[in-house]
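Residue numbering restarts at 1 for every chain, and letters A, B, ... go by the order of the sequence lines.
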Amino acid sequence: MVPVNPDIQGRVFAPTAPYLVGREKVREFARAVFSSSPLNFDVDAAITAGYTDIIAPPTFPVVVQEATLAQLLAEPDAGIDFTMVVHGEQRFSYTRPIVAGDELTATLTVTSVKTLGGNSMVTAESRIVDAGGSHVVTAISTLVVRGDV
Amino acid sequence: MSDLTVGDVVAEHTFSITRDSLVRYAGASGDFNSIHYRDDIAKSVGLPGVLAHGMLTMGLAVQPVIDWLGERGIVLEYQVRFTRPVLVDSTTGASVTVVAKIAATDEDSTRVDLTVTAADQTVLGKAQVRVSLT
């Protein structure tokens with residue numbers, strides 16, 4: 001069992017390709033998380049509330065973050081075996097909700113690598129910005145990489 | 001929102017999840033890990049059966065707070081720990097109950113803590129939503 005490489009702590013990855021947030025994708029995701037918020041479905045309601053289009057549910061950034069976690073798992077020297085990864089913690093810190101029409105780019109930083117018992121805990125922070133470069137949300141995942149099982 | 005008191009339950013809801021919900025979430029999120037829809041794969045990696053995506057549980061658990069919040073404010077932060085998986089039976093599914101309680105308030109924000117249970121066990125730890133009320 002190759003342990004997670006502690007040297008990846010502090011590593012910053014290249015920004016992901018822009019992700020264009022589609023209105024129907026937002027609705028599809030909102031239905032999947034049992035949302036009943038008109039702001040997630042009804043354009044008029046969202047505009048009345050001051051947005052330019054419908055807004056995404058709070059956990060939608062995971063769709064954008066996914067590309068960064070794929071970068072991390074594919075990193076040749078990281079030593080992270082995908083089949084051994086368990087999602088330990090998740091956090092989102094928002095400047096504003098994601099709005100349909102946003103073009104989002106995520107930049108991943110590995111903020112911490114810790115070993116606890118036989119397991120490794122990797123904390124990965126994805127900073128998501130809009131087309132203008134303004135911060136929208138930061139998604140922080142702690143992955144538990146199981147050692148010998 | 002000075003009418004809020006620490007300990008107030010502001011929202012409560014029980015969600016019925018089925019295997020269909022998991023397939024729907026897989027498609028919507030792009031998380032196609034087969035432990036979320038195939039019993040044989042789940043069992044082959046030592047799980048008792050098909051589990052809900054942790055991010056589905058996290059995603060639905062905040063919805064009662066969103067409904068309570070309406071257009072009066074926005075979410076500043078949302079975090080959870082995945083402490084126990086939600087087993088989703090192929091015929092009976094699973095029930096996930098969310099109770100949202102005011103945990104702290106100050107001038108800038110209000111913290112709402114979520115108690116999320118399935119089969120009488122807590123499935124999310126440290127589930128906290130920080131909101132700004134306007």
Side-chain angles (χ1 to χ4, degrees), chain A residues 19 22 24-40 42 45-51 55-67 69-70 82-98 121 137-144 146 149, chain B residues 13-17 20-33 35 41 44-47 51 53-83 85 96 98 124-132 134:
Chain A
Y19 179 98
E24 300 309 334
K25 187 68 191 179
V26 169
R27 287 177 172 146
E28 180 191 9
F29 188 91
R31 279 193 295 273
V33 293
F34 295 77
S35 168
S36 52
S37 169
L39 301 181
N40 295 153
D42 182 345
I47 287 172
T48 304
Y51 299 102
I55 65 170
T59 58
F60 185 83
V62 75
V63 175
V64 183
Q65 183 198 18
E66 203 272 331
L69 295 180
F82 172 69
T83 62
M84 291 294 183
V85 172
V86 178
H87 201 173
E89 292 179 34
Q90 181 69 36
R91 190 184 336 161
F92 300 102
S93 184
Y94 311 87
T95 295
R96 65 168 177 84
I98 290 175
M121 312 255 289
V137 55
T138 296
I140 302 157
S141 294
T142 300
L143 307 175
V144 181
R146 291 183 296 157
V149 283
Chain B
H13 192 80
T14 297
F15 297 92
S16 294
I17 302 181
D20 299 33
S21 316
L22 306 189
V23 172
R24 184 186 285 267
Y25 185 77
S29 67
D31 181 347
F32 292 102
N33 188 334
I35 62 164
I41 299 278
S44 76
V45 295
L47 298 168
L51 311 178
H53 305 75
M55 286 306 302
L56 169 56
T57 307
M58 183 182 189
L60 62 81
V62 74
Q63 294 304 323
V65 177
I66 297 297
D67 290 343
W68 164 71
L69 199 57
E71 292 176 23
R72 296 177 302 161
I74 56 164
V75 178
L76 302 175
E77 245 170 10
Y78 179 32
Q79 63 172 43
V80 307
R81 245 178 226 167
F82 301 102
T83 50
V96 178
V98 180
L124 297 181
K126 216 187 167 194
Q128 304 180 346
V129 193
R130 207 162 58 80
V131 301
S132 163
T134 47

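- With values rounded to the nearest 0.5 angstrom, A/Arg96 atom CZ is found 14.5 Å from B/Leu76 atom CG.
- Between B/Gly70 and A/Leu39, the closest heavy-atom pair is O-CD1, 4.4 Å.
- Heavy atoms closer than 4.5 Å to chain A are found in the backbone of B/Ser16, but not in its side chain.
- Put simply, OH on A/Tyr94 and CZ on B/Arg130 are 11.5 Å apart, with the number rounded to the nearest 0.5 Å.
- Between atom NE2 of residue B/His53 and atom OG1 of residue A/Thr59 there is a gap of 12.0 Å, rounded to the nearest 0.5 Å.
- A/Arg31 touches chain B through backbone and side chain together, each having a heavy atom under 4.5 Å away.
- Your options are A/Ala30, A/Ser37, A/Ser36, A/Gly88, and the one with the most heavy-atom pairs under 4.5 Å with chain B is A/Gly88.
- Paired with A/Gln90 under the rule side-chain contact (heavy atoms from CB on, under 4.5 Å), one option of B/Met55, B/Arg81, B/Gln79 passes, and it is B/Met55.
- Between A/His87 and B/Phe82, the ring planes are tilted. Angles from 30° to 60° get that label.
- Interface remark: B/Tyr78 contributes backbone and side-chain atoms alike to the contact with chain A (heavy atom separation under 4.5 Å).
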B/Asp31 vs A/Glu66, side-chain contact (heavy atoms from CB on, under 4.5 Å): CA-CA, chis, key distance, verdict: CA-CA 9 Å; B/Asp31 181 347; A/Glu66 203 272 331; over 6 Å; no
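- Of all heavy-atom pairs spanning B/Leu56 and A/Ala32, the tightest one is CD1-O, 3.2 Å.
- Heavy atoms closer than 4.5 Å to chain A are found in both the backbone and the side chain of B/Glu77.
- By number of non-hydrogen pairs under 4.5 angstrom with chain A, the leading residue of B/Leu124, B/Ile74, B/Asp67 is B/Asp67.
- The parts of B/Val75 that come within reach of chain A are both its backbone and its side chain, each placing non-hydrogen atoms under 4.5 angstrom from that chain.
- The shortest heavy-atom contact between B/Gln63 and A/Pro58 is NE2-CD, 4.2 Å.
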